[in-house]
Amino acid sequence: MLKFCILASGSSGNCSVIWTEKSAILIDCGCNSKYIIENLVDLKIAFENLAAVITHAHTDHVSASVLSFLRKNNIPLYAHENAFEDLLRKYGSKVEECVKMPFYENFKIKDISVEYFNVYHKDKNISYACGFAFLHKINTKEYKIGYLTDTGKVCDKIIRSLINSNILVIESNYDKIMLDSSLRSRNNKEWVLSDWGHLSNEDAAKSIVKIKAFSKTNDSLKYVFLAHISDHHNTTEIALKTTKEILLNKRISNIKLFVAKRNKRGPVINIT
Ligand SMILES: [Zn+2]
């Protein structure tokens with residue numbers, strides 16, 4: 001069994017969970033702790049099996065209230081050593097008192113292998129961000145979940161890290177036309193558009209095409225979640241339409257496409 005569910009996705013909070021019989025991992029925890037706890041209880045995920053990994057230290061990926069929850073329950077917090085520096089600068093003792101598990105190479109949490117890769121995302125508050133691939137073996141078959149949010153661009157190294165994913169979570173943050181006409185400040189727009197900001201609908205769709213093309217088998221990528229949809233310069237409908245058009249253009253029709261919701265838990269996918 002390898003199950004996956006997105007609890008929330010967007011600039012107001014990001015949190016997903018992946019779990020097997022033996023382990024459970026929160027991927028980012030930028031919602032309030034009450035919401036996460038309610039969902040974990042509802043999904044029957046025991047706290048004693050739980051660990052948390054985070055991509056970077058922006059508030060929508062790690063919140064103060066979840067840090068308190070992790071601390072109180074002795075739940076280990078995994079972050080790249082550079083992301084820990086950002087976290088400590090931001091949250092101080094709230095992080096200091098957590099069970100800190102800084103990583104600088106790939107690692108394992110019980111029966112789930114975690115591979116990380118650097119992404120292109122920073123501003124005055126954070127210096128480092130990464131994406132993940134989670135791997136779990138059942139008998140001889142290995143299953144993979146790719147997780148890429150918050151990146152200004154997608155390079156070949158990122159594509160290589162995500163090929164052969166069975167489930168892919170990929171940021172589809174903005175529609176270029178909507179961003180252009182939005183009322184956000186010029187500085188903010190320039191940062192979103194930059195190589196260190198966020199990913200457009202088109203760039204996300206083109207990345208999906210590449211990941212599928214380079215994967216070993218044509219049907220390995222079964223589920224794609226478009227994530228981190230902007231509230232200001234994107235809509236669910238536009239993100240879906242843009243992605244579907246680009247995939248259809250490349251004659252790709254055997255992927256189940258979802259849009260991750262801001263405040264609503266998505267479906268539970270069991271990929272085995
Ligand atoms: Zn961010």
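Every number for a ligand or one of its atoms is a count from 1 in the order of the listing. For clarity, every value in this text was computed on a predicted model and none was experimentally measured.
The Zn ion (ligand 1) has an N, O or S atom of H58 under 2.8 Å away, backbone or side chain. Coordination check, H56 versus the Zn ion (ligand 1): passed, since an N/O/S atom of the residue sits under 2.8 Å. For the Zn ion (ligand 1), the set of nearby N, O or S atoms under 2.8 Å includes none belonging to D123.
Screening V17, N39, I18 against C5 for a side-chain contact (heavy atoms from CB on, under 4.5 Å) leaves a single residue, V17. When V209, D156, I163 are each tested for a side-chain contact (heavy atoms from CB on, under 4.5 Å) with F214, only one passes: I163.
Under 4.0 Å is where a charged nitrogen must lie from a carboxylate oxygen, and between R186 and E190 at least one such pair does.
The Zn ion (ligand 1) sits nearest to atom OD2 when only the N, O or S atoms of D150 are considered.
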Run the numbers on H232 and R184 for side-chain hydrogen bond (donor to acceptor under 3.5 Å, both in side chains), then give the verdict.
CA-CA 8 Å; H232 296 269; R184 286 272 182 99; 3.0 Å; yes
